[in-house]
Chemist: 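Input: one structure, supplied below.
Both ligands and their constituent atoms are indexed starting at 1 by order of listing. Note that this is a predicted model, so its numbers are computed, not measured.
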Amino acid sequence: MKEKIIEVINLKKQFGNNLILDEINFTINKGEAVSLIGPSGSGKSTILRCIADLETLTGGKILIEGHNLQDKGIDKKIKKELLLKTGMIFQNFNLFPHMTVKDNIVKTLRIVKKTAVKKAEEIAEKVLETVGLADKKDNFPNELSGGQKQRVAIARGLALEPDILLFDEPTSALDPEMIKEVLDVMRDLAKEGMTMLIVTHEMGFARNVGNRILFMDKGEIIEDCSPKEFFENPTNERIKDFLNKVLNK
Ligand code: ADP
Ligand code: MG
């Protein structure tokens with residue numbers, strides 16, 4: 001049996017009278033790297049925000065490892081533990097500018113998990129090694145390139161040892177020459193079995209690294225299939241349209 005990390009069940013989200021997500025259903029299993037793609041404004045970020053409990057749901061539910069975060073009676077401590085199972089990486093890094101790279105990670109561990117200083121420092125060094133930035137630990141964020149900043153943000157996400165990492169367009173704020181170094185880190189994480197849900201416009205990555213594609217348009221998931229089926233044999237007109245636009249840019 002596949003171990004389910006996230007189950008999204010009949011998820012609905014409205015902002016005011018606008019229906020933004022309409023009956024969304026999908027499951028992410030342990031070890032999968034799933035690319036969530038679709039036109040701008042289709043609701044991709046809103047899905048990630050719902051999973052990370054940054055939005056209240058209008059309808060449906062989201063289970064994290066079988067537990068319903070929205071359960072009214074849920075114990076605060078259990079809710080916090082469940083939320084720690086997901087880590088989110090944003091487009092704009094969100095690093096503390098006045099702290100070194102290492103302290104960014106140490107501080108996060110201290111705040112979120114109350115990790116002892118020495119242990120937090122050990123973890124920080126280990127995760128910086130993982131993203132290839134051990135030599136930048138004493139630098140400040142403004143001394144790094146955009147690609148390096150995003151790798152620090154990924155390291156910080158890893159430091160909290162989540163069961164799934166959610167990425168919201170992690171490379172779209174980067175200059176083209178820096179995109180690869182970030183995607184390479186993500187590819188290595190996927191290879192090592194990290195479970196990931198990735199909103200991306202990088203079709204090469206979605207095709208070659210991910211094991212599944214979820215395609216959204218106008219608040220609905222209209223395809224959930226392998227990259228091979230998606231790219232080689234798209235049957236839906238909206239998908240053909242999208243691929244024509246992004247691949248011929
Ligand atoms: P994507 O990430 O696919 O570009 P989003 O999830 O950001 O799309 O947005 C989907 C739709 O929801 C858009 O029409 C957007 O304007 C709307 N939306 C997102 N956040 C809010 C908000 N806080 N209030 C009102 N509308 C929002
Ligand atoms: Mg978005």
Chemist: Please report whether atom 12 (O) of ligand 1 has a protein non-hydrogen atom at a separation of less than 4.0 Å.
Modeler: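 So atom 12 (O) of ligand 1 has protein heavy-atom neighbours under 4.0 Å.
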Chemist: Is the distance from the Mg ion (ligand 2) to the nearest N/O/S atom of S45 under 2.8 Å?
Modeler: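 Yes, within the cut-off.
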Chemist: Can Q91 and S172 be counted as having a side-chain donor-acceptor contact under 3.5 angstrom?
Modeler: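 There is such a pair (donor and acceptor under 3.5 Å, judged by atom type) between the side chains of Q91 and S172.
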Chemist: Using 4.0 Å as the upper bound for N to carboxylate O, is an ion pair formed by D138 and K102?
Modeler: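 So K102 does not pair with D138 through a salt bridge.
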Chemist: Do E181 and R151 sit within salt-bridge range, that is, some charged N less than 4.0 Å from a carboxylate O?
Modeler: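 Here E181 pairs with R151 in a salt bridge, since their nearest N and O are under 4.0 Å apart.
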Chemist: Look at atom 19 (C) of ligand 1 and say which protein heavy atom is nearest, naming residue and atom and giving the distance to 0.1 Å.
Modeler: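 Of the protein heavy atoms, F15 CE1, 3.5 Å lies nearest.
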Chemist: What is the closest protein heavy atom to atom 8 (O) of ligand 1, and at what distance does it sit?
Modeler: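 Of every protein heavy atom, G43 N, 3.2 Å lies nearest to atom 8 (O) of ligand 1.
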Chemist: Among protein heavy atoms, which sits nearest to atom 7 (O) of ligand 1, and what does the distance come to when rounded to 0.1 Å?
Modeler: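 Of the protein heavy atoms, S45 CB, 3.7 Å lies nearest.
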Chemist: Once you round to the nearest 0.5 Å, how far does CG of L158 lie from CG of L189?
Modeler: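 Atom-to-atom, L158:CG and L189:CG are 5.5 Å apart.
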Chemist: Honestly curious: do L247 and F215 fall in one hydrophobic cluster under the side-chain, below-4.5 Å linking rule?
Modeler: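 In one cluster: yes.
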Chemist: Does F15 have K13 sitting over its ring (NZ/CZ under 6.0 Å from centre, angle to axis within 45°)?
Modeler: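 Flagged: K13 positioned over aromatic ring of F15.
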Chemist: Looking only at protein heavy atoms, which one is nearest to atom 14 (O) of ligand 1, and how far off is it?
Modeler: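 For atom 14 (O) of ligand 1, the nearest protein heavy atom is G41 O, 4.1 Å.
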Chemist: Within ligand 1, which atoms have a heavy atom of I20 less than 4.0 Å away?
Modeler: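 Every atom of ligand 1 under 4.0 Å from some heavy atom of I20: 10 (C), 11 (C), 12 (O), 17 (C).
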Chemist: Please list the nearest protein heavy atom to atom 5 (P) of ligand 1 with its residue and the distance rounded to 0.1 Å.
Modeler: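 Residue, atom and distance for the closest contact: T46 OG1, 3.6 Å.
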